[in-house]
Participant: 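The following block contains the structure, expressed as structure tokens.
Counting starts at 1 for both ligands and their atoms, in listed order.
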Amino acid sequence: MDKRKILIVGGGIAGPALAIKLVEQGAQVKIIEARSEAEMNEGLFFGISPNGLNVLSGLVDISPLYEEYVPGTLRFYNSKGQRIAELDASYQKESYGISSIQVRRSAISKLLQEKLISLGVQVEYGCKLMSIDYRETKIEVETSKGRLTGYDLLIGADGIHSRCRRLIFPDAPKPVYTKMLSTGAIVKIPGWEEASQAIDMTFGREAFFGCSTTNTGKVWWFNNYDWEQESRGSELNLRQQHIKKDLLELHQKDQPKISQIIAASSNLFAYPIYDMPALEKWYTAKVCLIGDAAHAISPHTGQGASLALEDSAVLANCLAMYPDTGIAFSRFQQLRVARVAMIIAQARKIGRAKSKPNPIANFFRDILLKYFINMEKKKMHWVYSYDANKEVV
Ligand SMILES: Cc1cc2nc3c(=O)[nH]c(=O)nc-3n(C[C@H](O)[C@H](O)[C@H](O)COP(=O)(O)OP(=O)(O)OC[C@H]3O[C@@H](n4cnc5c(N)ncnc54)[C@H](O)[C@@H]3O)c2cc1C
């Protein structure tokens with residue numbers, strides 16, 4: 001690749017992953033990130049599956065991730081605490097070279113940031129994109145820290161509420177609030193330190209609850225529940241006691257372990273879950289969206305980070321292959337759009353199953369899930385076996 005000057009907006013997962021690839025291809029890259037360096041530790045944990053891990057391991061040494069993690073095996077329980085099915089993830093190692101895990105978002109972020117430093121990539125923290133202008137063949141942007149000029153390309157990796165998306169496509173659909181919150185916490189509970197080797201998912205009477213104990217003896221838990229009023233993350237932060245009370249009520253008839261975990265937690269994290277309608281186009285002549293900015297996905301399938309990593313590999317390949325940016329961006333969307341849409345559709349289906357507990361459906365679910373779960377391996381094969389690095393450009 002020629003020495004193009006590329007500005008990446010967003011230092012989450014997709015932005016840094018793409019930056020590493022582009023710098024290795026010879027481009028000159030700068031990242032601007034709205035959060036401060038300290039705020040980059042925000043967030044809890046998420047799942048990352050073979051399709052994402054195989055991209056990540058091509059960028060950084062991923063062994064530090066196993067210092068604190070939970071294997072991706074899923075065990076399902078009904079509200080009484082009876083195990084109704086298990087989806088073992090260990091088979092994935094043989095099939096895909098690596099198995100799904102749950103890790104702290106900040107652990108992945110740290111690995112990517114360290115690699116960026118070693119490559120000499122400048123990341124400007126606390127620097128928010130405000131507007132985009134074009135001057136002859138170059139891009140200029142106004143940021144909260146001043147004006148940046150002389151860029152050949154701009155990549156919008158600025159997440160679900162992407163300002164970049166709003167700037168280039170003012171009429172694009174906005175994320176739609178699903179009237180559901182994702183909540184969770186990380187907590188140390190005496191007597192619960194033994195690593196659980198799986199994520200325990202409970203179909204509670206009124207809400208869904210997942211928990212596990214990491215290899216470092218911490219309990220990681222999350223819950224999804226109905227929350228009518230759309231609220232910002234910062235407002236939800238102020239309502240932690242309210243949320244905790246709600247959660248205790250919602251799970252009071254479920255296996256008692258759940259209430260014990262919630263009661264022991266003091267620092268709850270809550271964020272609204274959105275559904276992002278499909279965008280017709282992900283790019284303009286000089287600007288391209290990737291990751292959540294292009295196709296945000298709800299957390300229900302645990303594919304958000306993996307898709308963002310896949311995007312970074314495919315877009316880097318397209319830019320290396322096609323010197324004409326328009327062709328590179330168009331090929332990128334073409335290669336990604338169907339896959340992303342199918343995974344988003346899967347996530348929507350799972351989200352619906354979590355939000356409407358119904359006693360008759362629950363009865364059949366308890367009996368049948370263990371039979372259906374075996375089909376899951378086959379059903380997920382096309383998701384996990386995808387090798388973004390080898391995507392035919
Ligand atoms: C703070 C935070 C915590 C999260 N925690 C979880 C979690 O616990 N579990 C989970 O499943 N998913 C979580 N997510 C979402 C998850 O990281 C993404 O769905 C997924 O990794 C896709 O990555 P992405 O790089 O496309 O977007 P993101 O990871 O969302 O990264 C986008 C980045 O762009 C930055 N940004 C936004 N606007 C601007 C702007 N105008 N100028 C400059 N920078 C901007 C944001 O600060 C963010 O760092 C979290 C996201 C964030 C931002």
Participant: Distance under 6.0 Å and angle within 45° of the ring axis: does R339 meet both against Y386?
Facilitator: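 Yes, R339 sits over the ring of Y386.
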Participant: Got more than 12 heavy atoms from elsewhere within 6.0 Å of CD, Q229?
Facilitator: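 Open: at most 12 neighbouring heavy atoms sit under 6.0 Å from CD of Q229.
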Participant: Under the salt bridge (charged side-chain N to carboxylate O under 4.0 Å, His left out) test, which residues partner R35, sequence neighbours left out?
Facilitator: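 With sequence neighbours excluded, R35 shows a salt bridge (charged side-chain N to carboxylate O under 4.0 Å, His left out) to E42, given in chain and number order.
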Participant: Tell me which donor-acceptor pairs under 3.5 Å the side chains of residues 281-293 have, and how far apart each pair is, sequence neighbours excluded?
Facilitator:
from	atom 1	to	atom 2	distance (Å)
T284	OG1	V287	N	3.3
K286	NZ	T137	O	3.2

Participant: Let me know which protein residues bring a heavy atom to under 4.0 Å of ligand 1; chain then number is fine for ordering.
Facilitator: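 Residue list for ligand 1: V9, G10, G12, I13, A14, I32, E33, A34, R35, E42, G43, L44, F45, F46, R105, C127, K128, L129, A157, D158, G159, R163, Y271, G291, D292, G304, A305, A308.
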Participant: For residues 143-160, dump all side-chain donor-acceptor pairs below 3.5 Å to protein atoms at least two apart in sequence or in another chain.
Facilitator:
from	atom 1	to	atom 2	distance (Å)
T143	OG1	K145	N	2.9
T143	OG1	G146	N	3.1
T143	OG1	G146	O	2.7
S144	OG	K128	N	2.7
K145	NZ	E124	OE2	3.3
K145	NZ	Y125	O	2.9
R147	NE	E140	OE1	2.9
R147	NH1	D133	OD2	3.4
R147	NH1	E142	OE1	2.6
R147	NH2	D133	OD2	2.6
R147	NH2	E140	OE1	2.9
D152	OD1	K138	NZ	2.5
D152	OD2	K5	N	2.7
D158	OD1	S162	OG	2.6
D158	OD2	S162	OG	3.3
D158	OD2	R163	N	3.0
D158	OD2	C164	N	2.9

Participant: With respect to H242, which candidate in Q240, K244, R239 satisfies the side chain to side chain donor-acceptor pair (under 3.5 Å) definition?
Facilitator: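 Option passing the side chain to side chain donor-acceptor pair (under 3.5 Å) with H242: R239.
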